[in-house]
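Worksheet: one structure, shown below.
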Amino acid sequence: MSSPVRLRFAPSPTGYLHVGGARTALFNWLYARHHRGRFILRIEDTDKERNTAAAVQVIYDGLRWLDLNWDEGPDAGGDHGPYFQSEREAIYERYFQRLQSSGHLYEDAGAWRFRFHRGEVKVDDLICGEIVFDFGNVEIAPDMTIRRPDGSWIFHFVNVVDDIEMQITHVIRGEDHLSNTPKHLQIYEALGATPPRFGHIPLILNKDGSKMSKRDQGASVTSYIEGGYAPEAVRNYLCLLGWSPKDDREVLSIEEVVSRFDLAHVHRKGAHFDLAKCDWVNAQYLQHMPMKRYRELAAPWLAKAGIEAGGPGLEAVLALEKMKVTHLSEVPGRVSFFFTEDYPYDPEAVEKTLRKPGGLDRLAQLAAAYSALEAWDAATLEATLKETAAAAPCKPAEFIHPARVAASGRSIGPSLYHMLEVLGKPRVLARFQRTLARFGA
RNA sequence: GACCCUAUCGUCCAGUGGCCUAGGACAUCGCCCUUUCACGGCGAGAACACGGGUUCGAAUCCCGUUAGGGUCGCCA
C-alpha cells in the first residue's frame, strides 16, 4: 500500500479569500479526502507589509465556513510545522545554503538569483497533460530571483522548500501557476528532491469572461457569508465549476463528491462564474435541508434583524416560507409580522383590500365565523372561510385578501390558512378586531 | 511581443470516431397549478469558432487561423 497523499492549500493573507482560491482549496481538500490523505493549510506570509492577523482570520473563517477542515496547519498542529512561512526562516536558510554551495546561485545587485539549467523542461500535469517548456536561453527564460537584497525570500523558493519539507505529494493550484511549474521543477532538481505531482485547474472568470478581481460581485467568500448563502450550497456550486459527476446531477452531497472526485476529468477551460446559478443551488439547498439545519442557519439572520425568536413555535413559522427563500437574508423580512403585534400595514394593500367597498364587512363576518370555531387548523379555517363566502355570497378571494392584510399587514405572504393556524386563534382574532377598529369608519 | 493553456446553447456541464437531426441544468419566454408571492409541472427558443486534412464515417483525431485566458517581478 502506498503512503498517503498529502495536499496543501497555501494562501497569502491579502485580506480576502477569493472564490477561485476557495475552489482551489476545495479541490485539494476533495482530492485528499478521496484518497484518505492529509490536507494541510500553510500561510504564505512572506510579504510582511500586507500581513495582518485580520487577513489571516479571513482565510480561517472562509475555509471553516465551507467546512474545509485541515489536518495540519494553524490551530491544528502537525509534524511539519510551523505552518506560517514567516516562522520558517531557519529552514529556508538551510536550503539556501545548499543551493549556494552546489553552485546554483549567483548574486546580482545584492539579490540572489537561481541559475536555470538550459534546455527543455517537461511538466507532466495531472490535468493538462505533458507540456514542454523551452529554457534554451536567457532571453526566453531569464534566471529567477529567490532572495532580495534585504534577505527576504521570494515565493518560488519558499513555496518549493515548504512543499519538500511538508512532504507534499500533489499540488493542485490555479492555472496561473502553470508557467511557474517548470521553474519550480528546476529548484526541485537542484535540491535533489522528488517533485510532487502537479494539477493546474483553470481560473474562475466573471460571467462576461473578464478576470475576477476583488471588487467583482461574488468574488470573495465573505460576500457569500454575508449574502445569506448556505455554505454547503456554495461548496456544491464550486464543485461544479470545472468538475462534474458525469451523470447530469447537480445537487449532490459532499460525501458523494468526495467519493467520485478525480482530477482526470477536471475541465481545462476557464469557468465563467454564474451567480444566478449559484443562487438556484442555494435555494435548492434551503428548500430541501432538514428544518433543524434551516433553523440553525436562519437564526443569526433573525437575531441581526432584532427578532427575538425561539421556542418550538419558531420552526412552524420558518416552515411557512422555507420553500420560497433564495437567500437567508430574506428570512427576517418574510416572517417579521409573526413576532410583533405592531406590524406595519402596507398602504397599497390596505387601499386595495380593506378600503375596497365591503372589504371590512367581510373581514367582520369572517372574524365572527372564526371566533365560533373550536378547532383551529388550516383545513378547518379554509372550510369555514369558503362556507362564509358561499353564504355571502361571493368568491373566497373577497375574504381571503382582507384576512391576509388584517393578519399580516401585507398582500404577499405564506399560504393564508397555514399562516393563520401558526398565528393561533387569539392573535388572529385580535388582529382582525384591531384592523376593523383602525380602518373602520 | 515571446511562451503556455483553452475553444459544445448567454452561462455551467455531458459527449473521449458511428448510439448526436448534440443531452441535462441555470437564465429567458410561453402554458398549467394557485388566495398572494413562491415552489412545482409541461413546453419553446438557444451551441459543436472558422478553414483544411485523416477516415467508409468527426463535436470527438491532426494542422492552420481566429478568439479568450495565463505567464514572462527583487507579487504571491
Side-chain angles (χ1 to χ4, degrees), chain A residues 10-14 21 44-47 49-50 85 108-113 123 125 127-129 131-136 139-142 144-156 158-159 173-183 200 202-211 237 240-251 265 267-281 283-284 287-288 321-326 330 334 349 352-353 382 385-386 389 395-405 408 410-417 419:
Chain A
S12 179
T14 59
E44 305 219 331
D45 56 347
T46 52
D47 187 344
E49 322 253 300
R50 289 198 293 184
Q85 288 190 328
D108 176 20
W112 286 92
R113 315 197 80 198
V123 173
D125 192 89
I127 295 165
C128 301
I131 305 158
V132 177
F133 290 87
D134 185 6
F135 276 67
E139 302 293 305
I140 303 174
M144 175 171 62
T145 303
I146 65 161
R147 189 174 202 181
R148 302 185 188 90
D150 68 359
S152 61
W153 309 99
I154 300 295
F155 156 77
H156 301 290
V158 293
N159 184 265
R173 45 162 46 159
E175 194 191 323
D176 49 334
H177 283 297
L178 187 54
S179 303
N180 287 330
T181 306
K183 302 175 186 177
H200 290 88
L203 270 18
I204 295 181
L205 309 169
N206 285 314
K207 176 120 193 217
D208 66 6
S210 63
K211 188 173 176 178
Y237 177 73
L240 264 24
L241 243 35
W243 178 86
S244 91
K246 306 294 176 196
D247 59 5
D248 286 342
R249 288 186 314 130
E250 311 213 270
V251 176
H265 294 109
H267 225 269
R268 300 190 203 150
K269 191 175 72 166
H272 295 199
F273 196 91
D274 187 358
L275 199 58
K277 181 137 185 181
C278 185
D279 286 349
W280 175 79
V281 173
Q284 290 295 308
Q287 285 170 21
H288 300 296
E321 292 283 273
K322 187 163 176 277
M323 295 304 284
K324 305 179 186 181
V325 174
T326 300
E330 303 162 26
R334 286 179 179 276
K352 279 168 102 171
T353 58
E382 178 170 1
L385 183 143
K386 285 182 173 166
K395 288 195 281 191
E398 299 295 317
F399 282 82
I400 288 168
H401 296 303
R404 174 183 295 288
V405 176
S408 70
R410 15 177 135 167
S411 56
I412 294 172
S415 155
L416 176 69
Y417 311 113
M419 172 173 101

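Below, read A as the first sequence line, B as the second, and so on, with proteins coming before strands; counting in each chain starts at 1.
Looking at the side chain of A/Glu175, the nearest of the listed nucleotides B/U11, B/C74, B/C5 is B/C5. In this structure, of B/G24, B/U36, B/U11, it is B/G24 that holds the atom nearest to the side chain of A/Glu250. Here the nucleotide nearest the side chain of A/Ala271, chosen from B/C74, B/C12, B/G23, is B/C12. Of the listed nucleotides (B/A38, B/U71, B/C12), B/A38 has the atom at the smallest distance from the side chain of A/Lys324. Closest to the side chain of A/His401, from the set B/G40, B/A76, B/U35, is B/U35.
Among the protein residues, A/Tyr417 comes within range of the nucleic acid bases, having at least one heavy atom under 4.0 Å from a base atom. Among the protein residues, A/Ser244 comes within range of the sugar-phosphate backbone only, with heavy atoms under 4.0 Å from sugar or phosphate atoms but none that close to a base. Note on A/Pro202: nothing from the nucleic acid sits closer than 4.0 angstrom, heavy atoms only. A/Ala109 comes within 4.0 angstrom of a base, heavy atoms only. No engagement by A/His200 is indicated, since no non-hydrogen atom pair under 4.0 Å with the nucleic acid exists. A/Ser415 comes within 4.0 angstrom of a base, heavy atoms only. At the heavy-atom level, A/Pro149 lies under 4.0 Å from base atoms of the strands shown. Nucleic acid contact for A/Gly242: sugar-phosphate only, since backbone atoms but no base atoms lie under 4.0 Å from a heavy atom of the residue. A/Asn180 comes within 4.0 angstrom of a nucleotide base, judged by non-hydrogen atoms across all strands. A/His288 comes within 4.0 angstrom of no nucleic acid atom, judged by non-hydrogen atoms across all strands.
Checking the phosphate oxygens (OP1, OP2) of B/G15, a side-chain nitrogen or oxygen of A/Lys246 falls inside 4.0 Å. The phosphate of B/U6 (OP1 or OP2) has a side-chain N or O of A/Arg268 nearer than 4.0 angstrom. Side-chain N/O atoms of A/Arg148 include one lying less than 4.0 angstrom from OP1 or OP2 on B/C75. In this structure, A/His267 reaches the B/A14 phosphate: one of its side-chain N or O atoms is under 4.0 Å from OP1 or OP2. Distances shorter than 4.0 Å separate none of the side-chain N or O atoms of A/Ser12 from OP1 or OP2 on B/A76. Between A/Lys269 and B/U8, a side-chain N or O to OP1/OP2 separation shorter than 4.0 Å is present. Contact annotation: A/Thr46 side-chain N/O to B/A76 OP1/OP2 distance is under 4.0 Å. The side chain of A/Ser179 places no N or O atom within less than 4.0 Å of a non-bridging phosphate oxygen (OP1 or OP2) of B/C72. OP1 or OP2 of B/G40 has at least one side-chain nitrogen or oxygen of A/Gln284 nearer than 4.0 Å. Under 4.0 angstrom from either OP1 or OP2 of B/C74 there lies at least one side-chain N or O belonging to A/Arg113.
Comparing B/A58 with B/C19, their C1' atoms sit 15 Å apart, to the nearest whole Å. Look at the P atom in both B/A67 and B/G24: the space between them is 34 Å, to the nearest Å. The gap from the C1' atom of B/A59 to that of B/G15 amounts to 8 Å, rounded to the nearest Å. On the P atoms, B/G70 is 28 Å away from B/G51, given to the nearest whole Å. Rounded to whole Å, the C1' atom of B/U65 lies 27 Å from the corresponding atom of B/A46. As rounded to the nearest Å, B/A25 and B/U36 have C1' atoms that lie 29 Å from one another. For the C1' atom pair drawn from B/G52 and B/A44, the interatomic distance equals 37 Å after rounding to whole Å. Taking atom C1' on both nucleotides, B/C12 is separated from B/A7 by 15 Å, rounded to a whole Å.
Going from atom CZ of A/Phe133 over to atom C1' of B/A2 covers 13 Å, rounded to whole Å. A straight line from CG of A/Leu416 to C1' of B/A38 spans 16 Å, rounded to a whole angstrom. Atom pair A/His265:NE2 and B/C13:P shows a separation of 14 Å (rounding to whole Å applied). When rounded to the nearest whole Å, the span between CE of A/Met323 and P of B/U36 equals 18 Å. In this structure, the CD1 atom of A/Ile146 is 13 Å from the P atom of B/A76, given to the nearest Å. Whole-Å rounding puts the A/Tyr237 OH to B/C12 P distance at 8 Å.
Between the side chain of A/Lys277 and the base of B/A25, a donor-acceptor pair under 3.5 Å is found.
The pairing partner recorded for B/U55 is none, the criterion being a Watson-Crick or G-U wobble arrangement whose two distances lie under 3.5 angstrom. In this structure, B/C9 makes no Watson-Crick or G-U wobble pair, since no nucleotide meets both defining distances under 3.5 angstrom. The nucleotide B/U35 finds no pairing partner, because no Watson-Crick or G-U wobble arrangement with both distances shorter than 3.5 Å includes it. Across all strands shown, B/A49 forms a Watson-Crick or G-U wobble pair with B/U65, both key distances being under 3.5 Å. B/A14 makes up no base pair with any nucleotide shown, lacking Watson-Crick or G-U wobble contacts both under 3.5 Å. Pair check for B/A2 finds B/U71; Watson-Crick or G-U wobble, both atom distances under 3.5 Å. Across every strand in view, B/A44 sits in a pair with B/U28 that passes the Watson-Crick or G-U test at under 3.5 angstrom.
In this structure the side chain of A/Leu203 reaches within 4.5 angstrom of the side chain of A/Glu175, judged on heavy atoms. Using a 4.5 Å cut-off on side-chain heavy atoms (C-beta onward), A/Asp125 and A/Thr181 make no contact. Between A/Arg113 and A/Met144, the closest side-chain pair of non-hydrogen atoms is not below 4.5 Å.
We find the OG-CE distance between A/Ser415 and A/Met323 to be 13.5 Å, quoted to the nearest 0.5 Å. Annotation: the span from A/Lys386 atom NZ to A/Tyr417 atom OH amounts to 5.0 Å, rounded to 0.5 Å. The CG atom of A/Asn159 lies 7.0 Å from the CD atom of A/Gln85; values are rounded to the nearest 0.5 Å.
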Give every donor-acceptor pair under 3.5 Å between a side-chain atom in residues 271-281 of chain A and any protein atom, sequence neighbours left out.
unit_1   : atom_1 : unit_2   : atom_2 : d
A/His272 : ND1    : A/Lys207 : O      : 3.1
A/Asp274 : OD1    : A/Ala276 : N      : 3.2
A/Lys277 : NZ     : A/Glu250 : OE1    : 3.1
A/Lys277 : NZ     : A/Glu250 : OE2    : 3.2
A/Asp279 : OD1    : A/Tyr229 : OH     : 2.4
A/Asp279 : OD1    : A/His327 : NE2    : 3.0

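In this structure, A/Asp247 pairs ionically with A/Arg249, as a charged nitrogen and a carboxylate oxygen lie closer than 4.0 Å.
Map A/Leu178 and A/Ala397 each onto its nearest nucleotide of RNA chain B; the residue landing nearer the 5' end is A/Leu178. Mapping A/Leu240 and A/Gln85 onto RNA chain B via the closest heavy atom, the residue that lands nearer the 5' end is A/Leu240.
Nucleotide B/C61 is shown with an anti base, its glycosidic torsion being more than 90° from 0.
A/Arg410 places no side-chain N or O within donor-acceptor distance of the main-chain N or O of A/Ala349, the cut-off being under 3.5 Å.
With sequence neighbours left out, A/Glu398 forms a salt bridge (charged side-chain N to carboxylate O under 4.0 Å, His left out) with A/Lys356, A/Arg362.
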